[in-house]
**Student:** 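Sending over a structure as structure tokens; questions will come in a sec.
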Amino acid sequence: MIELIIDTDPGADDAVALLLAMASPEALRLHAITTVAGNVPVTTTSRNARLVRQWAGCEQIPVYAGAATPLRRAPVYATDVHGDQGMPGVAIEEPRAPLAGGDAVQYLVDTLLAAAPASITLALLGPQTNLALALARAPGIRRGIKQVVAMAGAHFNGGNITPVAEFNLFADPHAAEAVLASGVPLTYLPLDLTHTLLALPERLARLAALGNQAGARVEAIIRHYAQHDIARYGMAGGPVHDATVIAYLLAPELFSGRDLYLQVDAREGMGFGQSVADYHGVLGQPANVHWVERGDAEGFFELLAARLRRLA
Ligand code: BDR
Ligand code: CA
């Protein structure tokens, strides 16, 4: 059983990731969802997290709102990709259940300090601001962390918000630097991977054919959200970035990668937000990241469909 906290900025692909996680209780014990500003402002990511939780019938899982702004840079959003509401293609309503009291950063501090050593997995699906703030507030939280698995970065693929930067790192590179510097066991699922696991039309049709609301919603969200990437990159279908993090936790055998040394560029300039991966080990530095670069696309979409089938 994986003891899990998901930190997220829903976000179309975040919503799919959350549904996949909440549909997998036999493997993932989801303690809480913490939200952060990213694709849209934190009030909207928090509302969306509560709504997705409601769709999954999991209102008992607390949602804590986190950082409204990055550590140092000006906020940047991705409404051009995710829409003003952060989840395109579906009806948005005010969720029934409220946020949990208290903020996400203090929740992380309290939970990780109280946790058994190396027991909690953190899935980071947005800018890494909340964990960076928690590490600054209480460096001892490292002890409770088993691993951090983040959708972040890009190397051979190039960036999706600048020529070299992936959105989650660009939106708060200083936070990503702090997480890297903390020495927690860190896995990155970069665009190099997610741009190979595409929601082709026949895969979307299989989700729609599940015949439940979860399948219909995910199909609609991905279909609308994918338009941007299909137009920009000429892809045959859209990526579902953040859901690959949850799939990696559920079925690591679908993925492969390598350990490498990585830095995040947080200096002003064209490289701002770039993940500089020493892919060939030319610096001779010890690896600080497990870099997941390949995945079984059919296996990923089969897993997604099999789990979504369980929901209403
Ligand atoms: C990442 O950025 C966000 O727009 C997505 O939700 C994903 O986490 C992809 O670069
Ligand atoms: Ca995200």
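In listed order, ligands and their atoms are each counted from 1.
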**Student:** Nearest 0.5 Å, what's the CG-NE2 distance between Leu108 and His31?
**Tutor:** 12.5 Å

**Student:** With atoms numbered from 1 as shown, which atoms in ligand 1 lie under 4.0 angstrom from a non-hydrogen atom of Asp14?
**Tutor:** 6 (O)

**Student:** Would you call Val240 and Leu197 a side-chain contact if the rule is heavy atoms closer than 4.5 Å?
**Tutor:**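 No, side chains not in contact.
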
**Student:** Tyr279 vs His155 aromatic rings, parallel, tilted or perpendicular, using cut-offs 30° and 60°?
**Tutor:**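 Rings of Tyr279 and His155: parallel, as their planes differ by under 30°.
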
**Student:** Considering both backbone and side-chain atoms of His241, is one of its nitrogen or oxygen atoms within less than 3.5 Å of a nitrogen or oxygen in ligand 1?
**Tutor:** no

**Student:** Decide if atom CZ of Arg258 counts as having more than 12 heavy atoms of other residues, nucleotides or ligands within a radius under 6.0 Å.
**Tutor:** yes

**Student:** Give yes or no for whether the N/O distance cutoff of 3.5 Å, strictly under, is met between Asp13 and ligand 1.
**Tutor:**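 So ligand 1 has an N or O lying under 3.5 Å from an N or O of Asp13.
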
**Student:** Under 4.0 Å from a heavy atom of Met151: which atoms of ligand 1 are those, numbered in the order shown and with their elements?
**Tutor:** 1 (C), 7 (C), 8 (O), 9 (C)

**Student:** Looking only at protein heavy atoms, which one is nearest to atom 4 (O) of ligand 1, and what is the separation?
**Tutor:** Asn39 OD1, 2.5 Å

**Student:** Suppose you place the vertex at the Ca ion (ligand 2); what is the angle out to Asp242 OD2 and Asp14 OD2, to 10°?
**Tutor:** 70°

**Student:** I need the Thr187 OG1 to Tyr248 OH distance, nearest 0.5 Å.
**Tutor:** 4.5 Å

**Student:** Hey, does Leu125 come in under 3.5 Å of ligand 1, counting only N/O atoms on both sides?
**Tutor:**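 Yes; the residue has a nitrogen or oxygen that sits under 3.5 Å from a nitrogen or oxygen of the ligand.
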
**Student:** Between His82 and ligand 1, does any nitrogen or oxygen pair lie at a separation below 3.5 Å?
**Tutor:**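 His82 vs ligand 1: N/O contact under 3.5 Å present.
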
**Student:** For atom 8 (O) of ligand 1, what is the closest protein heavy atom, and at what distance to 0.1 Å?
**Tutor:**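 The closest heavy atom on the protein side is Asp242 OD1, 2.7 Å.
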
**Student:** Please could you name the atoms of ligand 1 that Asn160 approaches to less than 4.0 Å, counting only its heavy atoms?
**Tutor:**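 Once the distances to Asn160 are compared, the set is 9 (C), 10 (O).
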
**Student:** Enumerate the atoms of ligand 1 whose separation from the nearest heavy atom of Phe167 is less than 4.0 angstrom.
**Tutor:**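 Listed by number with element: 2 (O), 3 (C), 4 (O), 10 (O).
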
**Student:** Working to the nearest 0.5 angstrom, can you tell me the gap between Trp55 CH2 and Met22 CE?
**Tutor:**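 Output value for this atom pair is 10.0 Å.
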
**Student:** Quick check: does Ala17 put an N/O/S atom under 3.0 Å from the Ca ion (ligand 2)?
**Tutor:** no

**Student:** Is it true that a side-chain atom of Ser46 and a backbone atom of Thr43 form a donor plus acceptor pair closer than 3.5 Å?
**Tutor:**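 Judged by distance alone, no pair lies under 3.5 Å.
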
**Student:** Just to confirm my output: which protein heavy-atom neighbour is closest to atom 1 (C) of ligand 1, and how far is it?
**Tutor:** Glu166 OE2, 3.2 Å

**Student:** Is the side chain of Asn212 donor-acceptor paired with the backbone N or O of Leu308 at a distance under 3.5 Å, no angle test?
**Tutor:** yes

**Student:** Checking only N/O/S atoms, does Asp9 have one that is under 3.0 Å from the Ca ion (ligand 2)?
**Tutor:**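 Yes.
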
**Student:** Are a donor atom and an acceptor atom from the side chains of Asp9 and Thr45 found within less than 3.5 Å of each other?
**Tutor:** no

